[in-house]
Amino acid sequence: MKFQLIFPKWRKLEGQTTFNLPPHGAVVFAATIPDYVEVEFIDNNLEELKYDDDVDFVGISMLLTTQIKNGWAIADEYRKRGKKVIFGGIATMLHAEETMLHADSVFLGEAESHMDKVFSDFKNGELKQVYNHMNDLPPIEIVGPARRDLYKRELYYHKGVQMVDLFHASRGCKYSCYPCAVSYLGGRNFRPRPIDKVVEELATIENNRLFIVDNSLAQDTQWEKDLFKEMIPFKKKWVSHTIEDKPEVLDLAAQAGAWYVYQAVFDTSDYIRRRVKQYHDYGIGVEGTILLGLDNQTEDDIKRLIDFLLEIDLDLAEFTVLAPFPHTKAYVDLVKQNRIFNKDWNDYNAGQVVYQPKHMSPERLQELYQYAWDTFYKDESQEEKMFKLLKKVVSREIEDGTFRKPVKDLSRLSFGKNVKHKIS
Amino acid sequence: MNTKVDDYQDQVYNFNGLWDLPSICGLKIVKKGKNTFIIVTDLYDENPGTSITEWNTKLAKEICDKYSIDYNQIIYIEHTPNKQTKLSFNQESFFKVSFDIYDDKFENPQWQEITKEEIDKLLTV
């Protein structure tokens, strides 16, 4: 049986450096598919679809809200040709009822231990409209290594430099933050993978640079320390979301190869200033993530926040505007207050204002979002700051003997396409 | 001055939310004359399932059916408690919700924010 697994493309934010990382959720899902199924993975951000391919069954894996309308359009095309289409992934769970209008089946929940049944139902012509496993999460111990063999590897290089591989050491989150839907998606439980399972998967990853995509590693100190200890021998360098700022954790993280971490910067407090400094003291870079447009922010607050970012020596900053994704408190609050004026999911990309902010017009917030990017990167562009971070990791890799030269054959390609050289 | 309450409920209420997710909310029912006040409290941090706002058309009907309350005599209020943070969007709020009711179905929720003082006044007049 041939199963085509598609990751739909989405419109990238204007003016920002685009990096195409190998999608993670789709290949984690692919690992749960029975062995008798031949899987082909297509990352539609990098490859066009050929709807007339000889396939038996089509899967569409959706991560982002801004991806879903394209996912639906793809499904419509396949279904016109008589193919059965199943949807899964985070954005499918957030938009399940709408997605059902474009699907033969939707899978809700985590795939482990359920795919034998789904594929058997498909073979028998008994595919169900909904496989609802939202309240039936699998034991975390059975989560196995992702099917990274399905990537067309040459597509994930920029001028010969390989992009990081994505990897997860846990699921769920014990926190329930205002703009986040994780508690809806996986329950408010932190589910760390057993360290031996993490190690088993790490050993399968050839890439020496990783992005640990867990919501937050800072949820269980002992597990976090155990994880970093076991990662040390792999000598990989990695990026992750927040880690704890306890000295013993930071020390182990640095030894384990922490390259840089994301840190939410939500105010101009000494706490943030101190935290950024602590990371730097251990040689760990910091990319600030700054959410603009919350109800507690006035125009002056936003401008002050941007000035503060320049003071605290962040390595990179990423600005977003609040996007009220379904099933978040942000969404519920704004719906009640009748403040959402744009329901075009293509615009839910965290770069476009889709609601009425409390202290300014939507247009003004949009301008401040642009002002934030422009001001932070005024003296040194995003590419230049990224290059600085890259140089740091290269130095560390040279020191510990893990550096790999860019692949010469791919040096003229960026994500599978010819690089256009500027002629001045 | 408090008026006499004919019937009173105050409990943590369990319901099956979206996709059958086990969900909980606070529920206070106060019957006053012809009207019945239904105050549902969102327990964000304790609720493993669906929020009261996203499920309100189903939840309001379910509560009315369970406690034999006349659909047309309810004053339905969504309450979000103060999460004790310094962030303004985590402060306490009350919204009075009105529904269109067709064929025993609650539809088209409309929210109107009201203050705690207004709630107290409604309950004590």
Side-chain angles (χ1 to χ4, degrees), chain A residues 92-97 100 106-109 130-137 172-181 183-189 266-267 269 271 291 293-298 301 322 324-340 355 357-359, chain B residues 14-26 39-60 76-99 106-115 119:
Chain A
T92 299
M93 290 156 76
L94 294 182
H95 299 272
E97 283 164 316
M100 283 166 69
V106 295
F107 183 89
L108 309 177
V130 182
Y131 291 89
N132 176 11
H133 294 284
M134 291 284 283
N135 190 34
D136 176 20
L137 299 179
C173 185
K174 67 181 180 184
Y175 304 109
S176 183
C177 298
Y178 186 68
C180 183
S183 60
Y184 169 78
L185 296 167
R188 274 192 63 233
N189 290 315
F266 41 82
D267 61 22
S269 64
Y271 167 79
L291 180 59
L294 294 168
D295 278 0
N296 60 330
Q297 290 173 335
T298 63
D301 291 328
L322 177 67
F325 297 113
H327 312 299
T328 62
K329 186 172 186 320
Y331 176 80
V332 162
D333 284 357
L334 293 172
V335 163
K336 279 196 292 199
Q337 295 163 26
N338 200 23
R339 288 166 57 191
I340 297 178
Y355 69 100
K358 189 166 183 180
H359 295 294
Chain B
N14 290 275
F15 62 100
N16 278 344
L18 186 62
W19 306 112
D20 289 329
L21 283 171
S23 310
I24 59 169
C25 65
I39 303 172
V40 286
T41 297
D42 216 319
L43 301 175
Y44 272 107
D45 290 346
E46 285 78 35
N47 179 14
T50 309
S51 83
I52 56 169
T53 300
E54 288 192 284
W55 202 242
N56 61 12
T57 53
K58 309 273 195 313
L59 184 60
Y76 190 88
I77 292 160
E78 290 180 3
H79 169 223
T80 304
N82 189 336
K83 286 181 77 178
Q84 308 297 329
T85 73
K86 61 181 178 180
L87 302 169
S88 61
F89 44 80
N90 283 333
Q91 286 170 3
E92 184 171 50
S93 69
F94 293 90
F95 283 83
K96 189 171 161 188
V97 191
S98 53
F99 302 95
F106 287 55
E107 292 174 355
N108 192 25
Q110 301 285 317
W111 291 267
Q112 182 198 347
E113 187 158 18
I114 55 175
T115 64
I119 300 268

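It should be emphasised that the depicted structure is a prediction, and the values quoted were computed from it without experimental measurement. Within every chain, numbering begins at 1; the chains are lettered A, B, ... in the order of the sequence lines, protein sequences first and strands thereafter.
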Which answer fits [X], side chain, backbone, both or neither, if we ask what part of it has an atom under 4.5 Å from a heavy atom of chain B?
X: A:N132; result: side chain
X: A:V335; result: both
X: A:N338; result: neither
X: A:F266; result: neither

Part of [X] lying under 4.5 Å from any heavy atom of chain A:
X: B:T50; value: neither
X: B:L18; value: side chain
X: B:Q110; value: neither

A:H133 side chain to A:L108 backbone, donor-acceptor under 3.5 Å: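 Here the side-chain-to-backbone pair does not exist.
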
Should B:E78 and B:W111 be marked as a side-chain hydrogen bond (donor to acceptor under 3.5 Å, both in side chains) after you check the CA-CA gap, both sets of side-chain angles, and the distance that decides it? CA-CA 9 Å; B:E78 290 180 3; B:W111 291 267; 3.1 Å; yes

Identify whether the distance between the nearest side-chain nitrogen and carboxylate oxygen of A:D333 and A:K358 falls below 4.0 Å.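 A salt bridge is absent here (no side-chain N lies under 4.0 Å from a carboxylate O).
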
Please walk me through it: do B:N56 and B:T53 pass side-chain hydrogen bond (donor to acceptor under 3.5 Å, both in side chains)? CA-CA 5 Å; B:N56 61 12; B:T53 300; 5.5 Å; no

Which of A:K329, A:E97, A:M134 touches chain B most, by non-hydrogen pairs under 4.5 Å: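 Result: the option with the highest number of such pairs is A:K329.
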
For atom NZ of A:K174, is the number of surrounding heavy atoms from other residues, nucleotides or ligands below 6.0 Å larger than 12?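 Yes - once you tally the heavy atoms of other residues, nucleotides and ligands closer than 6.0 Å, there are more than 12.
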
Between B:F94 and B:I119, which heavy-atom pair has the shortest distance, and what is it?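 B:F94 and B:I119 have their closest heavy atoms at CD2-CD1, 3.8 Å.
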
